[in-house]
Amino acid sequence: MEAEASNGNGNGCSNDHDIIRWFDTISTNVATVQRETLRQILELNRDVEYLKKWFGDKDLDIREMDACEMESLYTSLVPLVSHEDLEPLIQRIADGDTSPILTQHPITTLSLSSGTTEGRQKFIPFTRHNSETTLQIYRLAAAYRSTVYPTRSNGRILEFIYSSKRFKTRGGLMAGTATTHIFASEEFRIKQEKIKLFTCSPHEVISNGDYKQTTYCHLLLGLFFRKEIECITSTFAYSMVQAFSSFEEQWEDICKDIKEGNVSSKITLPKMRKAVLDIIEPNPSLASRIEAICKGLQGSDWFGLVPKLWPNAKYVYSIMTGSMQHYLKKLRHYCGSLPLVSAEYGATESWIGVNLDPSLEPEKVTFAVMPTFSYFEFIPLYRQDQYSGSGSVDFIEDDPVPLSQVKVGQEYEIVLTTFTGLYRYRLGDVVEVSGFHNETPKLKFICRRKLLLVINIDKNTEKDLQLVVEKGSQLLSKHRAELVDFTSHAKLTHQSGHYVIYWEIKGKVEERVLCECCREMDASFVDPGYVVSRRTNSIGPLELCIVERGAFNKILDYFIGNGATLSQFKIPRCTNNETLLKILDLYTIKRFRSIVYG
């Protein structure tokens with residue numbers, strides 16, 4: 001599969017100019033490129049159990065078939081599916097069935113989704129193709145970044161990246177998060193050589209599975225190589241904010257370690273300790289310099305921490321869209337004027353698009369679709385009228401269209417057909433087409449489907465909630481407080497249900513201010529179904545729950561304890577997860593109810 005899949009992946013490109021030229025070529029005639037991508041997938045996997053179920057006994061010569069006819073036949077015979085539809089087949093693979101179920105070549109590795117969206121982790125097939133496309137999109141994105149923010153060759157990256165422990169399934173397949181597989185791959189090592197930037201932390205630090213000890217060592221090594229750091233990255237903005245927040249508490253210990261060339265006793269894992277001790281050496285002058293900077297930063301609430309500690313860093317790079325957008329305010333506080341660059345758009349199932357304009361603010365970023373990575377379809381989505389449809393249905397859908405037929409301004413759900421055995425697979429992401437690079441669409445991420453606050457005829461998405469919380473929390477900054485994190489829940493009772501929003505706050509805030517925040521959020525929902533339901537009291541007053549400091553870290557600890565990794569962790573903005581809600585309710589210290597509708 002890998003040889004076939006790599007035909008158009010650009011791995012032969014030797015420099016930034018070559019790889020940008022390659023992308024310009026494949027993005028120029030995307031209809032043809034996409035049909036050829038589908039042809040490669042079907043040639044490879046035509047005889048697998050899943051596709052034979054839909055193609056039946058048809059004697060198809062995929063190689064010789066007209067491209068348009070092949071595309072039409074495929075989309076007419078093979079149905080749209082969700083992960084739930086494929087789960088029994090993937091479970092057979094996990095249990096050791098080596099017959100060609102989804103792919104012609106046996107799948108030996110499975111990825112785990114983060115589990116934060118639906119409350120449980122899912123198995124996703126992982127092959128060499130995933131590693132190869134990861135290397136390719138890293139190189140392409142780095143080439144575009146270097147045109148705006150050039151870096152010194154052979155410098156270092158401070159990467160806040162984390163692996164979880166891998167395990168064997170009942171059938172002997174290796175399982176772990178996608179990022180864990182990537183960080184352990186040969187392609188991850190090659191990536192550093194290709195982009196001429198090298199991570200500060202050795203594999204023993206990245207792969208140990210204890211995110212607190214890993215974060216400490218990332219910070220220690222990042223400061224030891226302080227002058228060599230060209231950029232600072234993480235998979236998600238959340239983990240970077242977590243790291244800098246922990247630095248506020250641990251900087252004195254780190255300075256002591258740099259001064260003595262030692263590692264704190266809190267680092268208990270032998271392989272990690274040895275790996276770090278093999279790198280650092282006593283440097284009292286560096287420790288004194290960092291200590292002086294930190295004492296100054298304390299007086300300004302750590303504003304501009306990043307450029308002061310890493311003066312040669314050119315930018316900060318991470319996924320900053322979707323549920324990560326909440327952390328931008330705090331990240332900007334830490335980064336001062338240093339540019340924030342939004343990383344590429346992908347999922348456990350496949351990479352989707354690359355950021356071609358690194359100078360854009362994260363809120364405005366778009367992603368140009370990679371037309372050789374998967375075969376893409378798009379389901380047109382339309383917002384429902386006030387009273388139409390069920391409250392649990394978020395959009396009206398039209399028939400899927402191919403990549404080459406999407407329209408600017410239209411919202412879609414992405415559908416994937418991958419080299420790794422997913423066929424017409426609904427990803428669940430809602431995107432808007434904002435323009436084109438040559439002929440490939442540039443997508444703006446809108447929200448996840450199914451992440452809804454719904455009681456009856458109301459429908460509020462993750463994006464709707466984000467806007468409401470932003471408006472309600474504006475009052476906090478006037479009182480020298482900040483919103484650390486949040487999530488929500490549609491609480492259904494035997495009478496009228498209501499929305500519950502959980503906040504963790506840093507700083508002291510008077511109860512009257514929190515009452516006003518609650519009222520402001522309730523008034524800021526503009527969905528007609530919600531407004532009418534509140535006015536008629538068929539939905540009760542919004543409830544704001546203030547949780548203790550550290551409550552959201554308890555959620556992080558719970559997910560990581562159940563196999564997630566910090567590199568893939570996202571706080572779900574809307575949740576029905578009973579364990580998560582129990583944690584939040586246990587740490588709730590204040591409750592407020594809105595009076596906006598009387």
Arg424 with Glu377: basic N within carboxylate O range, under 4.0 Å:
yes
Glu230 pairs by salt bridge (charged side-chain N to carboxylate O under 4.0 Å, His left out) with which of Arg145, Arg156, Arg152?
Arg152
Heavy-atom distance under 4.5 Å between the side chains of His326 and Met320, does that happen here?
no
Scanning both residues in full, the closest heavy-atom pair of Leu331 with Ala237 reads CD2-CB, 4.2 Å
Do we see a donor-acceptor contact under 3.5 Å between the side chains of Thr25 and Thr28?
no
Are the side chains of Tyr144 and Ile20 in touch, meaning some heavy atoms are under 4.5 Å apart?
yes
Side chains of residues 429-436: which donor-acceptor partners sit under 3.5 Å, not counting sequence neighbours?
{"residue": "Asp429", "atom": "OD1", "partner": "Arg448", "partner atom": "NH1", "Å": "2.6"}
{"residue": "Asp429", "atom": "OD2", "partner": "Tyr345", "partner atom": "OH", "Å": "2.7"}
{"residue": "Ser434", "atom": "OG", "partner": "Lys442", "partner atom": "O", "Å": "3.2"}

Determine whether Asp24 and Arg21 satisfy the following criterion, salt bridge (charged side-chain N to carboxylate O under 4.0 Å, His left out), listing intermediate values before the conclusion.
CA-CA 5 Å; Asp24 280 340; Arg21 186 172 58 189; over 6 Å; no
Under a 4.5 Å cut-off applied to non-hydrogen side-chain atoms, are Ile232 and Ile229 in contact?
yes
Got a sec, which residues hit salt bridge (Lys or Arg N to Asp or Glu O under 4.0 Å) with Arg92, two or more places apart in sequence or on another chain?
Glu49, Asp97
Checking side chain to side chain contact (heavy atoms under 4.5 Å, CB included) for the pair Tyr315/Val148: CA distance, chi angles, key distance, verdict?
CA-CA 10 Å; Tyr315 57 86; Val148 182; over 6 Å; no
Would you say the ring centroid of Phe445 lies under 6.0 angstrom from that of Phe367?
no
Nearest atoms (heavy-atom pairs only) where Asn460 meets Asp464:
CA-OD2, 3.5 Å
So, the side chain of Thr575 versus the backbone of Pro572: is there a donor-acceptor pair under 3.5 Å, distance only?
no
Taking every heavy atom of Ala178 against every heavy atom of Phe126, the minimum-distance pair comes out as O-CE1, 4.3 Å
Quick check against the 3.5 Å criterion: does Ser72 have a side-chain atom that pairs as donor or acceptor with the backbone of Cys68?
no
So, taking the atom named CG in Leu140 and the one named CH2 in Trp351, what distance separates them when rounded to the nearest 0.5 Å?
11.5 Å
Is there a donor-acceptor contact under 3.5 Å linking the side chains of Thr420 and Thr418?
yes
Suppose we call two aromatic rings close when their centres sit under 6.0 Å apart. Are His83 and Phe123 close by that rule?
no
Verdict with supporting geometry, Arg35 and Glu71, salt bridge (charged side-chain N to carboxylate O under 4.0 Å, His left out):
CA-CA 7 Å; Arg35 290 182 189 120; Glu71 183 179 40; 2.9 Å; yes
Would you say Tyr149 and Thr151 make side-chain contact, with heavy atoms under 4.5 Å?
no
Does Gln213 reach the side chain of Leu269, with side-chain heavy atoms less than 4.5 Å apart?
yes
How far apart are the C-alpha atoms of Ser342 and Asn355, what are their side-chain angles, what is the distance that settles it, and do they pass the side chain to side chain donor-acceptor pair (under 3.5 Å) test?
CA-CA 7 Å; Ser342 187; Asn355 178 4; 5.1 Å; no
Please name the pair of heavy atoms, one in Asp85 and one in Pro88, separated by the smallest distance, quoted to 0.1 Å.
O-CD, 3.6 Å
Checking Thr37 side chain against Val33 main chain: does a donor-acceptor pair fall under 3.5 Å?
yes
Okay, side chain of Tyr423, backbone of Leu102: is any donor-acceptor separation there less than 3.5 Å?
yes
Return yes if some donor-acceptor pair links the side-chain N/O of Ser318 with the main-chain N/O of Ser234 below 3.5 Å, else return no.
yes
Going through the checks in order, is the ring pair (Phe, Tyr, Trp, His ring centres under 6.0 Å) test met by Tyr162 and His218?
CA-CA 10 Å; Tyr162 306 81; His218 280 327; 5.5 Å; yes
For the pair Thr103 (side chain) and His105 (backbone), establish whether a donor and an acceptor sit closer than 3.5 Å, ignoring hydrogens and angles.
yes
Quick check against the 3.5 Å criterion: does Gln410 have a side-chain atom that pairs as donor or acceptor with the backbone of Leu381?
yes
If I compare all heavy atoms of Leu328 with all of Glu363, which pair ends up nearest, and what's the gap?
CD1-OE2, 3.4 Å
As an exercise, state the distance from CD of Glu36 to CG of Leu38, rounded to the nearest 0.5 Å.
9.5 Å
Phe183-His203 aromatic ring centre distance below 6.0 Å:
no
Do Thr235 and Ile161 come close enough that some side-chain heavy atom pair is under 4.5 Å?
yes
Any side-chain heavy atom of Ile352 sitting closer than 4.5 Å to one from Leu443?
yes
As an exercise, state the distance from CD1 of Ile379 to CG of Asp399, rounded to the nearest 0.5 Å.
9.5 Å
Over all heavy atoms of both residues, which pair between Tyr375 and Pro402 is shortest? Give the atoms and the distance, please.
OH-CB, 4.2 Å
Using distance alone, with no hydrogens and no angle criterion, decide if Tyr211 and Asp557 have a side-chain donor and acceptor under 3.5 Å apart.
yes
Donor-acceptor under 3.5 Å (Gln34 side chain, Phe376 main chain):
yes
Side-chain H-bond candidate by donor/acceptor type, Ser350 with Ser374, under 3.5 Å:
yes
Presence of salt bridge, Arg63 and Glu43, under 4.0 angstrom:
yes
Short side-chain to backbone donor-acceptor contact, Lys271 and Val205, under 3.5 Å
no
NZ/Lys122 to CD/Gln91 distance, rounded to the nearest 0.5 angstrom?
14.0 Å
Interatomic distance, CD@Glu349 vs OH@Tyr425, rounded to 0.5 Å, equals 3.5 Å
Looking only at atom types and distance, does a side-chain atom of Thr169 sit under 3.5 Å from a main-chain N or O of Ala94, one as donor and one as acceptor?
yes
Is there a donor in the side chain of Arg166 and an acceptor in the side chain of His181, or the other way round, less than 3.5 Å apart?
yes
Roughly how far apart are Ile206 CD1 and Cys200 SG, rounded to 0.5 Å?
10.0 Å
Test item: Tyr238 and Leu556 side chains (from C-beta on) under 4.5 Å apart, heavy atoms:
yes
